[in-house]
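Structure, as structure tokens:
Each chain gets a letter, A, B and so on, in the order its sequence line appears, and its residues count up from 1. Side chains included, hydrogens not; waters and symmetry mates left out as well; all remaining heavy atoms used.
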Amino acid sequence: MRVLGIESSCDETGIAVYDGDFGLRAHCIYSQANMHSEYGGVVPELASRDHVRKILPLIQQTLCEANIDKKSLDGVAFTAGPGLVGALMVGASVARSFAWGLGIPALGVNHLEGHLLAPMLEKESPDFPFLCLLVSGGHTQIVLVKEIGRYSLLGESIDDAVGEAFDKTAQLLGLGYPGGPALAHIAERGDPERYRFPRPMLNREGFDFSFSGLKTSVITAYKKLPDEQVEQEKSHIARGFEEAVVETLVTKTQRALEIAQVNRLVVAGGVAANNRLRAAMIRMADESGVKVFFPRLEFCSDNGAMIALAGCLRLTAGQSENLEIRASARWPLMSLQPPA
Amino acid sequence: MEQMLTQNLNNSQETEACAAELACQLVPPCVIYLHGELGAGKTTFVRGFLRALGHTGNVKSPTYTLLETYPFASMNCHHLDLYRLTDPYELENLGLRDLLDEQSILLIEWPEMAQDLLPKANIDIALHYTPSGRQIVIQRLGS
């Protein structure tokens with residue numbers, strides 16, 4: 001089965017074609033630079049989340065890169081939530097209409113399920129069951145994945161998501177917004193011992209996280225600095241922050257692996273692109289006899305490929321939906337069911 | 001008629017208590033603006049507000065989702081965080097106009113990001129850092 005995937009839940013417009021037999025055929029994330037005039041001209045730069053203008057040219061570009069005709073598609077998958085409802089509705093409307101025009105099924109996919117399954121786009125793909133640490137700008141969750149659609153939430157952030165903590169700390173340090181990657185970059189030359197920030201909730205039972213207090217600790221340390229020291233201390237603060245985040249995530253994940261008694265770990269979502277987190281997870285996994293899987297860097301952030309994959313798995317299993325165009329801002333992972 | 005209240009807050013419990021007191025006085029429809037730097041306690045204030053109304057779960061920062069809705073028996077509270085808004089046009093993506101009904105209280109962080117596209121505030125709240133904690137200034141702006 002060959003499925004077109006459409007992601008438009010937040011900032012990125014992502015389109016992909018996934019083939020159940022041959023894997024990923026093509027994927028595109030909208031960027032101003034790579035849109036050529038043949039797909040409808042260079043679109044004037046509008047609001048970053050203006051999916052309406054981007055989505056059709058991007059579908060054409062993706063089909064062209066995959067070198068397939070739209071008539072050879074067997075299904076369309078789109079992100080139906082969670083996300084910004086207006087942004088989701090653009091993807092849902094286009095997906096339903098496109099599929100209806102071709103006489104093929106369309107299926108709404110959960111964005112978080114897409115992230116969980118993203119490592120299955122790689123050659124070395126995890127078998128079920130596995131534990132997933134989902135870390136992004138909007139989510140911080142530890143999920144036990146028994147099979148597609150059977151998820152148990154072991155823990156989550158009770159306040160700020162970890163990616164949000166990265167971005168806001170970066171903003172504070174004058175690195176722009178969203179500046180998570182820039183923060184990780186300057187942390188490279190920081191001293192890990194200079195600032196020791198709290199490891200929130202590390203000593204508590206359970207697998208919940210809290211990153212709001214860490215953000216406040218960083219702000220407090222930063223505000224105490226005399227002006228002339230701000231520049232030189234930035235990288236140390238960034239490093240201290242990163243150390244606190246990584247240790248918290250790794251320790252809780254390790255405990256969850258022991259409790260859940262699984263020996264496969266997936267780290268997914270935008271923060272899974274962080275080098276220090278990847279290295280620490282690999283080290284912990286090696287010591288614990290666990291195999292760890294990451295999506296490739298470009299599939300850590302939002303993309304159409306993970307939606308095409310999740311849709312393909314569910315459509316192949318026979319799942320179907322009526323023609324209603326719908327999307328929901330909230331759609332908890334735990335409410336999902338395995339495909340019928 | 002404008003009324004202004006200023007209070008010092010020594011910790012997050014006091015921020016939540018202050019919010020709880022306000023929550024018990026308000027009836028929908030009502031629009032509340034929340035101003036303050038990163039970490040000033042805006043989300044903490046909203047947490048206290050929602051807990052006082054009977055919400056028992058987590059109150060997550062809506063920075064990425066921009067909007068979290070909390071349904072109660074007689075009203076809905078919509079917690080908005082416009083920090084990430086790059087263009088006021090994006091408020092359309094949030095379905096802002098669907099939120100403005102007689103049963104709703106809107107708590108809006110970073111309202112300045114939306115320029116003049118937001119409904120006018122009934123209550124304007126500012127949180128500031130002080131050497132010993134935070135200071136809150138609550139202004140009631142007419143009805």
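Interface residue A:Ser157: only backbone heavy atoms are found under 4.5 Å from chain B. B:Asp81 touches chain A through its side chain: at least one heavy atom from C-beta onward sits under 4.5 Å away, while N, CA, C and O do not. Interface remark: A:Asp208 contributes no atoms to any contact with chain B (heavy atom separation under 4.5 Å). Neither the backbone nor the side chain of B:Ser12 has a heavy atom closer than 4.5 Å to any heavy atom of chain A.
Residue with the most contacts toward chain B among A:Gly137, A:Ser136, A:Gly83: A:Gly137 (heavy-atom pairs, distance under 4.5 Å). The candidate with the highest count of non-hydrogen atom pairs below 4.5 Å against chain B, out of A:Val90, A:Asp167, A:Leu88, is A:Asp167. Among the candidates A:His139, A:Lys168, A:Met89, the residue making the largest number of heavy-atom pairs closer than 4.5 Å to chain B is A:Lys168. For the set A:Glu164, A:Gln171, A:Arg330, the count of heavy-atom pairs under 4.5 angstrom toward chain B peaks at A:Glu164.
A:Glu156 CD: more than 12 foreign heavy atoms inside a 6.0 Å radius.
Close placement of the A:Phe241 and A:Phe166 rings is indicated, their centers lying within 6.0 Å of each other.
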Given A:Asn303 and A:Glu7, is the side-chain contact (heavy atoms from CB on, under 4.5 Å) satisfied, shown in steps?
CA-CA 6 Å; A:Asn303 64 84; A:Glu7 154 67 26; 5.9 Å; no
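The aromatic rings of A:Phe211 and A:Phe209 sit parallel to each other, their planes meeting at less than 30°, with 60° as the upper class boundary. Between B:His55 and B:Tyr70, the two ring planes are perpendicular [angle over 60°; tilted spans 30° to 60°].
Between the side chains of A:Ser301 and A:Glu12, no donor-acceptor pair of N or O atoms lies under 3.5 Å.
Every residue two or more places apart in sequence or in another chain was checked for a ring-ring contact (aromatic ring centres under 6.0 Å, His included) with B:His79, and none qualifies. By the ring-ring contact (aromatic ring centres under 6.0 Å, His included) test, A:Phe207 pairs with no residue at all, sequence neighbours left out.
Every pair tested for ring-ring contact (aromatic ring centres under 6.0 Å, His included) that includes a residue from residues 3-53 of chain B fails, sequence neighbours excluded, so the list is empty.
Using a 4.5 Å cut-off between non-hydrogen atoms, the part of residues 213-220 of chain A that approaches chain B consists of A:Lys215, A:Thr216, A:Ile219.
Ionic pairing of A:Glu243 and A:Arg196 is not present here: no N-O contact between side-chain nitrogen and carboxylate oxygen is shorter than 4.0 angstrom.
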